[in-house]
Structure formats: structure tokens, C-alpha cells
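Reading through the C-alpha cells given below for one structure.
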Protein chains: 4
Amino acid sequence: MFNDADNLTEKQKGILTAATELFAEKGYAATSTSEIAKKAGVAEGTIFRHYKSKKDLLLTVVSPVMIKIIGPYIKKDLYNVLDAEFDHYEDFLRAMIANRINFITDNILFLRIVVQELPFHEELKNQAVEHIGKDIFEKLRGVIRYYQEKGQIIPGHPDAIIRMVGSSIFSYILSRYVLFPESAWEDEEIEVDRIIQLLSNGIGMIDE
Amino acid sequence: MFNDADNLTEKQKGILTAATELFAEKGYAATSTSEIAKKAGVAEGTIFRHYKSKKDLLLTVVSPVMIKIIGPYIKKDLYNVLDAEFDHYEDFLRAMIANRINFITDNILFLRIVVQELPFHEELKNQAVEHIGKDIFEKLRGVIRYYQEKGQIIPGHPDAIIRMVGSSIFSYILSRYVLFPESAWEDEEIEVDRIIQLLSNGIGMIDE
Amino acid sequence: MFNDADNLTEKQKGILTAATELFAEKGYAATSTSEIAKKAGVAEGTIFRHYKSKKDLLLTVVSPVMIKIIGPYIKKDLYNVLDAEFDHYEDFLRAMIANRINFITDNILFLRIVVQELPFHEELKNQAVEHIGKDIFEKLRGVIRYYQEKGQIIPGHPDAIIRMVGSSIFSYILSRYVLFPESAWEDEEIEVDRIIQLLSNGIGMIDE
Amino acid sequence: MFNDADNLTEKQKGILTAATELFAEKGYAATSTSEIAKKAGVAEGTIFRHYKSKKDLLLTVVSPVMIKIIGPYIKKDLYNVLDAEFDHYEDFLRAMIANRINFITDNILFLRIVVQELPFHEELKNQAVEHIGKDIFEKLRGVIRYYQEKGQIIPGHPDAIIRMVGSSIFSYILSRYVLFPESAWEDEEIEVDRIIQLLSNGIGMIDE
DNA sequence: GATGAATGAGCGTTCATTCAT
DNA sequence: CATGAATGAACGCTCATTCAT
């Protein structure tokens, strides 16, 4: 997953992995440190040698990822996108969707923890806004403006556009890969085309 | 809020209100029954006279709302919408958005609890799918088809349309009223127009 | 059972009966007053209107019986026995056994409570010794002496004789009617004959 | 007492001893785990580190004794008895009584718990019947038959004989050492002779 | 007199955290 | 370093008892 690199001992990696899985599965408050210790194959005391409290463990699970992995991950994608200078914004969307699918399914455990615990831990919220929110949003505005300038996207305040595009993509991935993976879905390509279609032309009949 | 009516004693209402607020604020697992009792101004034992366990209290907080309030609430709106037979689907969307804003802001505490605890309580999930999911989704398909038949909405499988429209509206409300209420927002009317615009015509330039 | 007479209301009798059965079945400490109330078909508060505490209820269940019923019951038997002036002590034993069987099986619930709770409640112990122990033991000594004087029972200190006779009878009834009622037992008459035989002649061979 | 050996830590031994004494003194249900902890000089949590529940503690207090100590203890005696092949069953009885006295007074706390809790815990009953009941009773039948064959004990079904002998011995020890230790008792030897006398020859006059 | 909602002390148990080994 | 026994505060919950109705 995301604890591979770094200069952590095997034990520490085991603790982080076990904690991540359990926090995602049962929630932070409902997970006991003894469960984490058992799953990680270490003694309870060992956890507290590395992390000064259970909360510290949560922040460690969540924060370095936020800072070191997710931030760069997202940014790298965006730079790729911008560097690639797709001829058409639809290609950008397609690339974005593909990338988001990988990212979300790769990090589903981590994202569950963030979504679950964000509202309850002020520190997490600050980190999230700091390292992802502002930065990314600004980048995205740049992307939108880029294609607006190319005459491919309608003019107007980018924020509403970002919100619509973002939420459409997000809700598709959420529905297909997280909430209802067992439902009958069409081929990925067809579904993605459909979304891009809708985003491009809207749902209204042309003659309106 | 939503525990007004019914034939509950003052104490019971106090317990439900306190529990709702605390569950929303700190999460179910991190809220202790003694906190609820203190906030409700009753003895801890009193809680267990009315609710046989803490979990039972959670289900009571969440379930009757789901069954008695939300279901009818949403359905009533849809019936109104269908009965009203808006001349144009844009009016339907406008009504829908206005209604959703009220609903979400009115029930924000309740919704937070549901979203937070859904993954951890099988019973909740069942209730949610049972009382909201199936029913509502089917109704919405009807609405989409209605406007498709009137020639106002493009043909095509309604589910993708529902997803895009729904997530756009939801993400707007979430952003404006829950996540970033302190940000600088334009007048409600303008923002809503913008969303409907985007949903209708898409983000692509017409000549594409 | 034994709460028939007296000037108790229906409710009070119900409470006493329910308490007796539950104390016998689950033990005093493991029986809750709410269980007693439910079984008696009264409100919890009603119990405390009649008995000032749970312990008071136990003493009421146990004590008046001890004083008013059991004492006279046993004494009456002994007087019957003495009045009847059986020709032979074996007839006395036979009558005694028959009577004890009735008594024990009639009062098995009550006796269970006494045996279970006696060690834990000083008051009960005092009552038991006071009202049964001394009195009865003295009477029994008289009976033994009576048959010793008639030349039917060997001379010697009556206490050891009482103990052996009493415990033999008691252990027979206990085994047959309480502990192992489902075992294969011979006819009552045969078993009783056997016991009296053994008590009369002992287990040693005559020529010894 | 009986928790001496084994590889238990000091704390564990303390908990077991405290629990044994309190269960014997006040009964299982009326003893709180906090009392046990205080008496044992440990934190309450420590109890649950070693015994997963209060009931588990009861079974631990009672069960290994039943299995490891009492079973072999009794059996060893019987084997001794059989191996010794007393010339006369009276010597067997004498040995038996002496041994029972030691056993009962040594294990009085433990026996009180067993007697008190047996009716309320199915598991205990099973253990008791399994490890003591069947086995021992069968052995005893063998002993009786052995002396019957030697012509020292009258023929007849051994069970009634066992019951009479057993209950006589038991009631003597119970009376002298448990219930009324403060009464005026004759020398042990004299009392035992008297019992054996009565058991051998019965209470009836010989010419009967 | 009877009720049952309300109480709050105390229960058995869990758990994050500490520390001697 | 790693361990796991020990801790004690806090948890969810039960219960005998009270009291307004």
C-alpha cells in the first residue's frame, strides 16, 4: 500500500498496516490497541514505544500519507495532465477518471478512515485543508481556465464547473467501485463515455 | 428538529435530542451514555429504562426518522413535483434543489450520524436501502422518463443522468451549507441558475 | 403451599409465592425485585409498600414459615408419635419417614432457600436454631429414651443414635426425591424396610 | 490450601485465594469483583487479565480442585484402603472417617462454595457428577462387595449400605467440625467407636 | 393502596497506557 | 528495543429503592 518506502522497521510497518485495516473496518473508536497489537503480531507495549498514544497512531496512519503520498500523487497527476497538454479537455477528463479510479481503489482503506474520522479530529481537518484542499483546488482552476482559453469549455466561474465535474466523477467511482460493486455495470469505457457526454453537452435537448 | 411530535415524555425527547447531538458531534462510539445522560439532564439509568442498550438508542435516533419522516418527506416532494407537472424540467430541478437545501440543513445532525455509522451497523444499512434507496431511485427514474418523453431531457439510461444531477446538487449543498459555509458565495439564485445551466447544456462549447 | 392462611391480600400472597419460587430457583442474590414483581403481576413499587427491603422479603418468606408452620408441623408430628405410643420403634421410624417425605416434598422450595441462604444471613441462622434446632432435638432425645426404656433400642447416648437415624432417613429422601428422582428406585416400601433393617441390625454379620 | 503448587504467579494465587474465601463467606452472587481485587491487593482489571469473567473465576476456583485434587485425593485413599486390605471392615471405616475429617476440614471453604453454587451452575453440576460421583460410587460398591465376600458385611444391594454408612459419617463430621464445633464433644476415639458400633450392630436390641 | 418512571450507586468488564523485566 | 503483566479510569448496564401521581 502506502507504507512501503520509508525507513520503518518491519514491526512499525506491521503496526501501521494493522491499524489502517482495523480503523477502516471498524472505525477508530471501536478499534482497540490490543487488537492492533495482535493483528500486527507485536506486544501491546510495542505500539506505545513507537506512537505515544492511540490518537498519535491515527494521525501517523493518516497524516504522512496525506502529506507525502497523496499530495504529490495528485499533484504529479495534475502536472502530467498539464504537461501533456491534451488536445482536448475530454482527453483530460478521461485521464482524470482513469487516474482517480486507481487512486481511490488503491487507497480505499485510507480514504474510509479519512472520511470517517475527519469530522471528529480538528488536526486531521486542518491537515486535509492545508495539504490537499487549497493547493489542488487552485491547480484545478488553472486547468479549467486552460481549456476555457482554448475555447473548449464554456466561460464562467471555474468553481461551479469543478464542482460539477468533480462530483460527477466521484459519484460514479463511489457507486461503481465502493457502494454497489455487485450491481450490473456496463463496460468501463461505455460508462465513462456516457459521463463525458453528459458533462459536455448537458442533459437538455439541443433545440432548447 | 424531528422528535417534536409523537407521544414521548419530556425526558425521552431530551434523551433523544442529546443523543442525536452528541452522536453527530463526536460519533457513536466516542459518545458515552453518561455524557448523554448529563446533557439530557437525567440519570444514566433513565436512558436504559427507555432504550434497552446504547445501540438501541442509536437505532431509535435514526430509524423512526428514516421510516416516518424522511421516506414520506422525500416521497411527498416527488409527488408534489409529479402532480405539479412542471412545464419544464428546469423548474423541477429548481424545486428539487430548494427542497433539498431545506431538508439537508434541517436534518444535518441526523444525516451526519447516518453517514458516519452506516458502514459499521448492518441494521442501519438495511434500513437505509429498504426505506430510501430502492423506493426513491425508482421514483426518480420515473421523473427522468417523464421529461424524456416530453422531449426536454435527452434520451438514454436514466441512472447515469440521475447520478450526475443528484451528485451535482448534493455537492453544491454540501460545499455551501456544510463544508465551507464561511466562504464567499454568490446569491443562491445565481448559483442555482449556474448549476442548472451546466446540467442543461454541459460544459462543452456548443459548436463542438 | 404455606402462604394460604393468614390475613394477606391477594397481592401479598402473589409476591410471597413469586419470591419463594424465584429465590429457590435462582438464589436470593441472583433474583431481582423486578422479576418478582413481574412474576407476581404487581408493580415494583408495590413490593416495597409491603416489605421494606428485598432482605425483609426474604426473611418474611422464610421466617413466619419457620415459626408458624414448620415448628408446629414438626412438633405436632412428634406429639402424634408420642401420643400414639407405637408398640415398636420401627413403627415410629416408618411413620417418621412417611411424614418426612411429605414434609420435604411439600416444602422443597422453602427448604432450598433455607439451605442456600442460611450460611449468609445471621438472622436466619438464629431463627433456625431457636425455633427448630433446640426444641426438636430435645423432643427426639425423649423419643429415643422412651424406646430405650421399652428395651427396643440399645442403651447409650441418644445423640449419636439420633444423628445416625436422622441422617440415614434424610439422605434417603434427599437422594430419592431431590437429587436423583430419575434414577431407578425400588418400591418405597422395600426401600424403607431396607433402611429400617440396616438401622436395626447394622451392617455387620451377626456372628461377629 | 489447595492453590499452593502449580505454576501460578503470586498475583494469581492471591486472586484465587481471595475469591475462594469470599465466595465461601458471602456466596458467589453476593461477592463483587472489586471486593476480590481489594482483598487480593490487585487492581480490578488484573482479575480480568487472568480470568475472562467472574464466572470463569468461579469455575477456576472450583474446577481444578475437583479434577486435580479431590478426584485423586479420594481415589488415592480408596486405593490405599484396598491395597492395605484391612483385615476387618471396621478398620476400613476407621481409616475412612479419619481421612474424611482431614479432607473436609482442609477443604471446608471449597466445599461450601460447591454446595452453595452447585444448584445454580449447570457446568459445576456436570463436573461434580463426572469427576466425583460416578467414579467414586463405583469404587465404593467394590469396597462393600469386598467385605461382603469376606463375610463381614451383610449381603444386599450395596447402595443402601453406602448411603447409610456415608451419611452417618458425613453427618458426624458436619455436626462436630462445621455446624457445632463449640458443643461439648467426647473424645474423637469414643465418638468414632460409637458410630462404628451403631453401624455394625444397629440400634435394635439383639434379641429382636 | 398501587403504580411505574426515575434515580444513582455499584456492578462486571474493557482498554489505553505504564513500566519492570 | 520488545515484552506483557499490571493498572485504574471509564464504560455500558442493572438494580433496589423512592416518590409524585
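Numbered from 1 within each chain, the chains take letters A, B, ... in sequence-line order.
The two residues V61(D) and A19(D) make their nearest non-hydrogen contact at CG2-CB, 4.1 Å. Between F23(D) and I113(D), the closest heavy-atom pair is CB-CD1, 3.6 Å.
Both S34(B) and E35(C) lie near DNA chain F, and the one whose nearest nucleotide falls closer to the 5' end is S34(B). With DNA chain E read from its 5' end, the first of the two nearest nucleotides for S53(D) and G45(C) is the one closest to G45(C).
The nearest whole Å value for the distance from the CD atom in E44(C) to the P atom in dT7(E) is 15 Å. The nearest whole Å value for the distance from the NZ atom in K13(B) to the C1' atom in dA5(E) is 17 Å. A straight line from NE2 of H50(D) to P of dT13(E) spans 15 Å, rounded to a whole angstrom. Atom NZ of K54(D) is separated from atom P of dT14(E) by 15 Å (rounded to the nearest Å). For I15(C) and dT17(F), the CD1 to P distance is 14 Å, given to the nearest whole Å. Between K38(A) atom NZ and dT3(F) atom P there is a gap of 15 Å when expressed in whole angstrom units. Atom CD1 of I36(C) and atom P of dT17(F) are 11 Å apart (whole Å). For I47(A) and dT18(E), the CD1 to P distance is 13 Å, given to the nearest whole Å.
Side chain of F48(D), nearest nucleotide from dA16(E), dT14(E), dT7(F): dT14(E). Here the nucleotide nearest the side chain of A43(D), chosen from dT7(F), dT7(E), dG1(E), is dT7(F). The side chain of T46(A) lies closest to dA2(F) when the candidates are dT3(E), dA2(F), dT14(F). When distances are taken from the side chain of T33(A) to each of dT17(F), dT17(E), dA5(E), the shortest belongs to dT17(E).
Counting heavy atoms of neighbouring residues, nucleotides and ligands inside a 6.0 Å radius, atom NZ of K52(B) does not exceed 12 of them.
The side chain of R49(B) contributes no N or O atom lying less than 4.0 Å from OP1 or OP2 of dA6(E).
The salt bridge (Lys or Arg N to Asp or Glu O under 4.0 Å) contacts involving residues 32-42 of chain B comprise E21(B)-K39(B), K26(B)-E35(B), where partners must be two or more places apart or lie in separate chains.
Under a 3.5 Å cut-off, the side chain of Y51(C) and the backbone N or O of T46(C) do not form any donor-acceptor pair. In this structure, Q116(B) contributes its side chain and Y28(B) its backbone to no donor-acceptor pair below 3.5 Å.
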Pairs under 3.5 Å (Watson-Crick or G-U), crossing ones as [ ], inter-strand ones as |: DNA chain F comes out as .||||||||||||||||||||
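Counting non-hydrogen atoms under 4.0 angstrom, S32(D) reaches the backbone sugars and phosphates but no base.
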Before you tell me yes or no, could you show the steps for E44(D) and T33(D) under side chain to side chain donor-acceptor pair (under 3.5 Å), namely the whole-Å CA-CA distance, both residues' side-chain angles and the distance that decides it to 0.1 Å?
CA-CA 7 Å; E44(D) 211 173 338; T33(D) 50; 2.8 Å; yes
